[in-house]
There are 2 protein chains.
Amino acid sequence: MKVAIIGGVAGGASAAARARRLDESAEIVLFERGEYISFANCGLPYHVGGAIPRRGSLLVMTPERFHARTGVDVRVRHEVTAVDPAAHTLTILDRTTGNAYKESYDKLILSPGAGPIRPDVPGADDPAVMMLWTLPDMDRIKARVDAGIRRAVIVGGGFLGLEVAENLRLRDVEVTLVEMGPQIMPPLDPEMTQPLVAELERKGVKVLLRSTVVSVRRDAGRDGSGTPEVVIELDDGRELPADLVVFSIGVRPNSSLAKSAGLATGERGGIVVDTRLRTSHPDIFAIGDAIQVTDALGLPSQLPLAGPANRQGRIAADNIFGAEREYKTTFGTSVVKVFDVTAARTGATEKALRKADVPHEKVYLHPYSHATYYPGARMMHLKLLFTREGRILGAQIVGHHGVDKRIDVLATAMQAGLTVYDLQELELAYAPPYGSAKDPVNFAGFVASNLLRGETRVVHADALPEDSLLLDVREPPEHKAGKLPGSTLMPLGKIRERLSELPRDRDIVVYCAVGIRGYIAERILRQQGFRTWNLSGGYTTWKQFNP
Amino acid sequence: MKVAIIGGVAGGASAAARARRLDESAEIVLFERGEYISFANCGLPYHVGGAIPRRGSLLVMTPERFHARTGVDVRVRHEVTAVDPAAHTLTILDRTTGNAYKESYDKLILSPGAGPIRPDVPGADDPAVMMLWTLPDMDRIKARVDAGIRRAVIVGGGFLGLEVAENLRLRDVEVTLVEMGPQIMPPLDPEMTQPLVAELERKGVKVLLRSTVVSVRRDAGRDGSGTPEVVIELDDGRELPADLVVFSIGVRPNSSLAKSAGLATGERGGIVVDTRLRTSHPDIFAIGDAIQVTDALGLPSQLPLAGPANRQGRIAADNIFGAEREYKTTFGTSVVKVFDVTAARTGATEKALRKADVPHEKVYLHPYSHATYYPGARMMHLKLLFTREGRILGAQIVGHHGVDKRIDVLATAMQAGLTVYDLQELELAYAPPYGSAKDPVNFAGFVASNLLRGETRVVHADALPEDSLLLDVREPPEHKAGKLPGSTLMPLGKIRERLSELPRDRDIVVYCAVGIRGYIAERILRQQGFRTWNLSGGYTTWKQFNP
């Protein structure tokens with residue numbers, strides 16, 4: 001058996017190592033067009049920022065060490081330029097010698113990854129315009145920062161754009177983040193990105209939404225220091241001077257080789273595979289960022305993530321060596337650090353549910369990371385999406401600590417098919433430094449279950465019913481510090497004695513800071529015969545929608 | 001409907017609040033014999049140590065505030081001294097006035113909690129001997145520490161003993177921890193406590209195992225400073241001078257009231273309840289530390305934990321108001337902080353599995369808390385227990401960061417009925433500051449699945465086969481720094497070329513640092529026809545067994 005693997009990062013290296021462990025006698029050849037295999041591409045921004053001081057620590061595995069361990073024939077700087085599925089041969093360009101040669105295979109694994117989308121605006125070829133995808137990209141950006149540049153513009157507010165913004169800011173560069181869409185971090189719903197924007201601004205990053213770059217213009221000498229400088233022109237006429245521009249406007253699957261070979265690809269360019277990770281040709285498998293996956297809603301999607309890529313590598317190798325394993329769904333579980341804030345999600349967003357016309361319910365809550373009496377507890381913002389039957393559809397959390405823990409628990413629960421009722425019963429580890437006796441995940445279960453059982457009826461801050469009485473059940477100082485426009489104050493502790501002041505012929509929307517006192521008030525009023533709703537997530541969620 | 005609740009901490013307060021939300025018109029009376037309801041008992045050690053500077057922050061909820069919110073009739077310093085199930089009446093002692101009175105109920109919820117086991121040795125009544133259970137207990141201990149005592153002896157190495165040891169040490173007290181059994185932290189298997197003992201000793205706590213206190217003797221004036229002093233005598237004749245002795249030798253359910261009322265109790269004194277949390281009398285429910293629960297193995301058990309107590313409170317209230325909810329299992333998910341180390345578990349231990357004669361498999365691994373190239377990554381020690389069919393039986397993790405996250409994911413997976421095969425596929429959130437593309441939980445799934453599929457055969461450090469060749473596949477400097485006695489070095493990278501040096505007529509146990517290189521070596525040797533096993537968890541696990 002001769003297995004050829006194209007692409008030596010993440011999935012490709014995993015597949016090669018797994019194949020060798022399964023079959024000591026197989027001939028395994030790994031082609032990588034770059035210099036490195038298994039380099040830490042997720043770490044690139046952090047070397048620029050200084051958190052990872054040693055460049056060498058990004059080189060997780062050298063070709064030599066990999067070969068010594070696995071006996072895999074690793075060929076770096078060898079680019080596969082053509083695949084002939086019928087003949088089972090590859091054409092390879094040795095980028096060191098410039099020579100082309102052919103190689104046969106029995107089974108082929110494509111792991112070509114994705115590549116950054118290149119900006120298509122005048123001036124984008126200016127040397128001050130960069131992208132961050134490879135180690136050489138990183139070296140170029142870092143060299144500029146080390147040279148003492150003053151101003152950077154990041155174009156694109158996704159994962160990478162945010163990480164680059166943070167890391168340049170940590171190097172004392174003035175950073176402006178330009179995002180074309182109405183929100184940063186497209187994997188989240190808009191209101192969940194509000195704490196991220198707030199954190200960016202708190203840390204000195206200027207965020208411009210709904211702004212498109214129309215050109216990059218060189219403007220040498222404008223800067224007093226004599227540094228060559230570019231000017232970024234936006235569609236609204238604004239001009240941003242910059243010493244460095246980093247475009248991170250998305251990625252695209254590297255599927256041209258697969259297309260040339262006649263393999264099926266999807267609407268967004270991803271290589272089409274079945275649940276065995278087999279392409280449209282039975283002897284060719286494909287894995288990683290280049291493939292089209294099935295998302296949490298069962299829809300074809302491009303979700304470039306390192307975890308799935310690594311697992312797919314194992315599964316493809318298993319299938320080649322006869323194990324019959326399936327890869328079914330990519331849930332899009334992901335996390336990003338933005339200075340001191342963490343944002344994470346799993347499963348479907350509300351945007352995606354609406355687009356796919358999937359009926360759903362949602363709740364917002366704002367639990368603390370751990371027992372509030374133990375130092376360091378911080379509020380997190382949690383959104384849970386689920387069906388009327390209680391099936392978990394997705395979750396998003398933004399906060400300071402413990403966000404990654406709760407998203408992983410919710411991801412596990414969702415993948416296991418648990419319902420929101422089950423979340424109530426999860427027995428999670430509690431001690432004051434780590435959590436609360438009722439964990440945020442339990443709380444999410446309580447709130448969602450109360451909703452489904454009809455014990456609470458909620459309204460949402462993005463769809464407040466008109467003509468209802470807005471009743472603030474917080475304490476006077478809270479009301480004074482900020483409230484829903486037109487709302488009336490009646491603290492929870494007074495409601496039972498002030499019932500006569502409330503209308504029986506009008507809908508009453510109660511709200512508090514985060515939804516708990518509002519829920520108690522709602523229960524009191526409902527049982528007293530009032531027509532009552534609680535504002536999910538309270539004033540805190542309302543502020544996320546109305547910053 | 002009149003509901004009486006006995007006990008106002010954790011479960012009792014939860015039950016009262018839930019009952020009120022379910023029924024605004026019910027009469028709800030909460031009896032608490034102490035001064036406080038809902039105080040943060042898990043926070044007591046941290047106020048002594050100073051992490052929680054304000055005593056007031058431990059008073060999570062005052063009786064007044066609770067009443068204002070819920071309209072529940074809260075009676076603190078009211079001790080219920082008798083229950084008459086037939087007459088549906090309680091006898092109460094008002095501890096403020098000294099008066100006794102009767103009160104009727106329709107439904108009763110018992111939430112009397114557990115109490116510390118009092119030491120039964122001569123001298124245990126000395127004023128320098130204390131326990132830490134209530135706020136006044138805490139005040140007494142803190143007063144001693146504030147007064148500048150030099151030496152403390154903690155008797156008992158469970159959760160509370162460890163937390164007290166840490167917090168006294170943080171106040172510069174010389175601390176000796178005396179544990180009767182062969183290990184500290186009985187909720188863990190012995191080898192998993194080794195990193196905790198190491199951390200305690202690193203931080204200056206002296207740990208004495210297999211040591212029983214036989215007496216406490218007052219020895220005034222022996223200390224040069226003139227401080228009154230006691231001497232703790234151990235069974236081996238050693239004597240420990242101390243200015244403070246804290247006994248934390250376990251807890252016992254407060255079930256005497258239930259017993260006097262004729263309610264059924266279990267072997268270890270816990271109140272017997274059904275899955276609806278109903279006692280042997282249909283109108284009396286019981287919750288919290290006082291009840292007998294069913295553990296992960298289906299056995300009756302006492303597992304005093306705050307999370308289950310709170311959830312039971314909700315469930316009992318739901319059942320009283322007609323919701324028909326069940327409480328089935330207490331998995332014993334728990335976590336403890338010992339200085340910079342975190343230890344956690346969920347489900348059954350190996351000790352418990354052996355005792356109950358449940359066939360099981362285990363694997364050890366030592367993954368990093370997050371990507372090793374990102375700063376702050378630390379090794380954790382993970383033990384996973386499972387059946388031959390792949391069902392997860394339990395897990396234990398000890399490490400620095402991310403331990404609570406992984407135990408919560410494993411607890412969720414276990415409670416959801418996922419198998420070790422499913423753990424491989426979990427899609428967890430990855431970015432370098434939070435985890436790895438292959439999360440420790442995925443890795444645990446890989447290793448366990450490899451074992452069950454026969455791709456790896458493992459031996460364990462506590463049962464090394466005799467007469468086998470011990471083959472160290474690490475690099476020479478690692479071998480030199482510490483090895484299994486009698487083992488032979490052959491680095492992984494050299495094995496393929498040195499096969500002829502290895503015996504074909506003898507069992508070969510390969511090992512590396514943590515088990516990964518050992519697994520690769522095992523796969524090579526197996527496929528070359530050698531009789532090979534891999535040491536699960538490698539040298540690191542062996543050191544846990546042989547510190």
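Hydrogens, waters and symmetry mates are skipped; everything else that's a heavy atom, side chains included, is used. As the structure is a computational prediction, the values presented were derived from the model and not from experiment.
Taking every heavy atom of both residues into account, B:Asn442 and A:Arg311 meet most closely at ND2-CD, 4.4 Å. What you find for B:Ala416 and A:Ala416 is that their closest heavy atoms are CB-CB, 3.5 Å. Shortest non-hydrogen contact noted between B:Val335 and A:Tyr430 is CG1-C, 3.6 Å. The minimum heavy-atom distance between B:Pro432 and A:Cys42, with the atom names listed, is CG-O, 3.3 Å. Considering all non-hydrogen atoms of both residues, A:Thr333 and B:Ala429 come closest at CG2-N, 3.4 Å.
For A:Arg65, no part lies near chain B; criterion is any non-hydrogen pair under 4.5 Å. Of the atoms belonging to A:Leu22, heavy atoms from both backbone and side chain fall under 4.5 Å from chain B. Neither the backbone nor the side chain of A:Arg345 comes within contact range of chain B, judged by heavy atoms closer than 4.5 Å. Only the side chain of A:Ile315 comes within less than 4.5 Å of a heavy atom in chain B; its backbone stays farther off. Residue A:Arg18 touches chain B through its side chain alone, counting heavy-atom pairs closer than 4.5 Å. In this structure, chain B has heavy atoms under 4.5 Å from both the backbone and the side chain of A:Ala51. Looking at A:Phe446, both its backbone and its side chain come within 4.5 Å of chain B, counting heavy atoms on both sides. Of the two parts of A:Ile524, the backbone and the side chain both hold a non-hydrogen atom closer than 4.5 Å to a non-hydrogen atom of chain B. Using a 4.5 Å cut-off between heavy atoms, A:Asp23 touches chain B through backbone and side chain atoms alike. Proximity to chain A involves both the backbone and the side chain of B:Lys337, based on heavy atoms less than 4.5 angstrom apart. Interface remark: A:Glu522 contributes no atoms to any contact with chain B (heavy atom separation under 4.5 Å). With a 4.5 angstrom heavy-atom cutoff, A:Val409 touches chain B via backbone and side-chain atoms both.
The shortest distance between side-chain heavy atoms of B:Tyr46 and A:Pro375 does not fall below 4.5 Å. At a threshold of 4.5 Å between non-hydrogen side-chain atoms, the residues A:Leu428 and B:Thr412 count as touching.
The residue among A:Asp404, A:Asn310, A:Ile52 with the most heavy atom pairs within less than 4.5 Å of chain B is A:Asp404. With chain B as partner, the option from A:Arg517, A:Lys494, A:Gln415 having the largest number of non-hydrogen pairs under 4.5 angstrom is A:Gln415. Interface summary for chain B: among A:Ala431, A:Ala40, A:Gly493, the most heavy-atom pairs under 4.5 angstrom belong to A:Ala40. No other option in B:Gly376, B:Ala344, B:Pro433 has as many heavy-atom pairs under 4.5 Å with chain A as B:Pro433. Among B:Leu423, B:Thr330, B:Val441, B:Thr329, the residue making the largest number of heavy-atom pairs under 4.5 Å with chain A is B:Thr330. Ranked by non-hydrogen atom pairs under 4.5 Å with chain B, the options A:Tyr434, A:Tyr519, A:Phe159 are led by A:Tyr434. Your options are A:Thr70, A:Leu59, A:Ile520, A:Asp439, and the one with the most heavy-atom pairs under 4.5 Å with chain B is A:Thr70. With chain B as partner, the option from A:Leu305, A:Val336, A:Leu426 having the largest number of non-hydrogen pairs under 4.5 angstrom is A:Leu426.
Sorted by first then second residue, the salt bridge (charged side-chain N to carboxylate O under 4.0 Å, His left out) pairs that include residues 422-431 of chain A, not counting sequence neighbours, are A:Glu425-B:Arg325.
Screening B:Arg526, B:Arg496, B:Arg523 for a salt bridge (charged side-chain N to carboxylate O under 4.0 Å, His left out) with A:Glu24, the sole residue that qualifies is B:Arg496.
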Q | Check against side chain to side chain contact (heavy atoms under 4.5 Å, CB included), A:Val60 and B:Tyr373 | A | CA-CA 8 Å; A:Val60 179; B:Tyr373 57 79; 4.2 Å; yes

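Contacts of B:Asp289 classified as side-chain hydrogen bond (donor to acceptor under 3.5 Å, both in side chains), with partners at least two apart in sequence or in another chain: none.
In A:Tyr368, the OH atom is not crowded: 12 or fewer heavy atoms of neighbouring residues, nucleotides or ligands sit closer than 6.0 Å.
When atom types are taken as modelled, the side chain of A:Asp408 and the backbone of B:Arg406 share no donor-acceptor pair closer than 3.5 angstrom. When atom types are taken as modelled, the side chain of B:Gln527 and the backbone of A:Arg21 share a donor-acceptor pair closer than 3.5 angstrom.
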